[in-house]
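I have placed the structure first, in the form of structure tokens, so that the comments after it can refer back to it.
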Amino acid sequence: MKIATFNINGVRARIETLTGWLSEAQPDVVVLQEIKTQDEGFPAEPIADLGYNIETHGQKGFNGVAILSRYPIEDVMRGLPGDDTDEQSRYIEATVVGDRAIRIAGLYLPNGNPFPGPKFDYKLAWMERLRARGQALLAAETPAVMLGDFNVIPEPRDAAHPERWLDDALFQPESRASLRRIIHDGWTEAVRLRDPDATRGPFTFWDYQAGAWQKDNGIRIDHILLSPQAADLLVDLGIDRDERAKDKPSDHVPVWVTLDA
DNA sequence: ATGGTTGTCATACAA
């Protein structure tokens with residue numbers, strides 16, 4: 001089962017970017033972030049035509065997440081638990097049933113800029129809620145995958161120019177420590193397994209501005225966390241870096257794992 | 001210090 005995350009940066013504006021990648025990469029399950037549409041505006045037909053079931057958690061104008069799956073989607077949960085007043089659509093969780101059932105948590109973690117300020121406070125509070133939800137998923141002792149745009153640069157080597165991010169919410173010590181706490185509860189960070197000793201990169205995001213892609217001025221902020229039972233099924237992983245060079249790209253590229261499931 | 005880009009919605013805001 002190939003499971004991917006893709007911050008599409010507007011699914012209506014980039015539907016052909018998405019369907020082109022789906023046709024080429026053939027993922028079984030995809031979590032999308034920044035669909036930037038309400039549920040009723042989601043361009044379901046061209047995606048369903050490629051064989052995907054669709055569950056969305058949309059929002060007008062900003063944010064919005066979705067799950068696409070070639071397998072049946074069951075027990076959908078919309079919104080991150082822990083704050084009834086939170087109206088931002090940044091979390092969707094569901095079970096996909098292939099050879100085995102896998103719990104999928106698709107997330108769009110708050111950016112948190114400008115730092116400091118209320119948006120950064122919201123980011124840290126959201127991360128504490130995510131940690132609690134992650135602990136519940138781990139306690140189930142079943143295969144679970146928590147993946148998406150985490151908006152956190154884990155380490156200096158995850159940025160081409162880490163010194164430029166020192167004042168940014170994505171690279172604050174508090175953000176990084178919070179992500180470490182989540183992972184240390186028992187998750188396996190999949191992408192870093194490929195080259196554990198890399199001194200720079202790989203990256204998953206390149207800003208549209210100032211020729212960041214051409215200069216390979218990227219950061220790694222899209223992550224895939226595996227529960228122990230999911231990590232035991234890990235077969236392969238990758239970053240579809242080439243998508244960033246195509247027409248009308250998102251500023252993020254897809255990141256994926258293959259599980260024996 | 002500023003401008004550099006993009007999507008959405010309506011002229012800024014979020015990223």
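Sequence order on DNA chain B of the closest nucleotides to A:D207 and A:R12 puts A:D207 first from the 5' end. Both A:Q209 and A:N111 sit near DNA chain B, but only A:Q209 has its closest nucleotide nearer the 5' end.
Taking the P atom of each, B:dT5 and B:dC9 are spaced 23 Å apart, rounded to whole Å. If you take atom P in B:dA15 and the same atom in B:dA1, they sit 24 Å apart, rounded to whole Å. The gap from the C1' atom of B:dG7 to that of B:dT11 amounts to 14 Å, rounded to the nearest Å. Between B:dT6 and B:dT2, the two P atoms lie 23 Å apart (nearest whole Å).
The salt bridge (Lys or Arg N to Asp or Glu O under 4.0 Å) search around A:R90 returns none, not counting sequence neighbours. For A:K246, the side-chain contact (heavy atoms from CB on, under 4.5 Å) criterion is met by A:E24, A:E243, not counting sequence neighbours. Listed by chain and number, the residues in a ring-ring contact (aromatic ring centres under 6.0 Å, His included) with A:F171 amount to none (sequence neighbours excluded).
Clustering of Ile, Leu, Val, Met, Phe, Trp and Tyr side chains at separations under 4.5 Å places A:I15 together with A:F6, A:I8, A:V11, A:L18, A:W21, A:L22, A:V30, A:L32, A:I35, A:F42, A:I47, A:L50, A:Y52, A:I54, A:L68.
The footprint of chain A on DNA chain B, defined by a heavy-atom cutoff below 4.0 Å, extends from B:dG4 to B:dA15.
Listed by first and then second residue, the salt bridge (Lys or Arg N to Asp or Glu O under 4.0 Å) pairs involving residues 39-55 of chain A are A:E55-A:R78 (not counting sequence neighbours).
Using a cut-off of 4.0 Å between Lys/Arg side-chain N and Asp/Glu carboxylate O, A:E128 and A:R181 are scored as salt-bridged.
Residue contacts shown for A:Y108 are limited to sugar-phosphate atoms, with no base heavy atom under 4.0 Å away.
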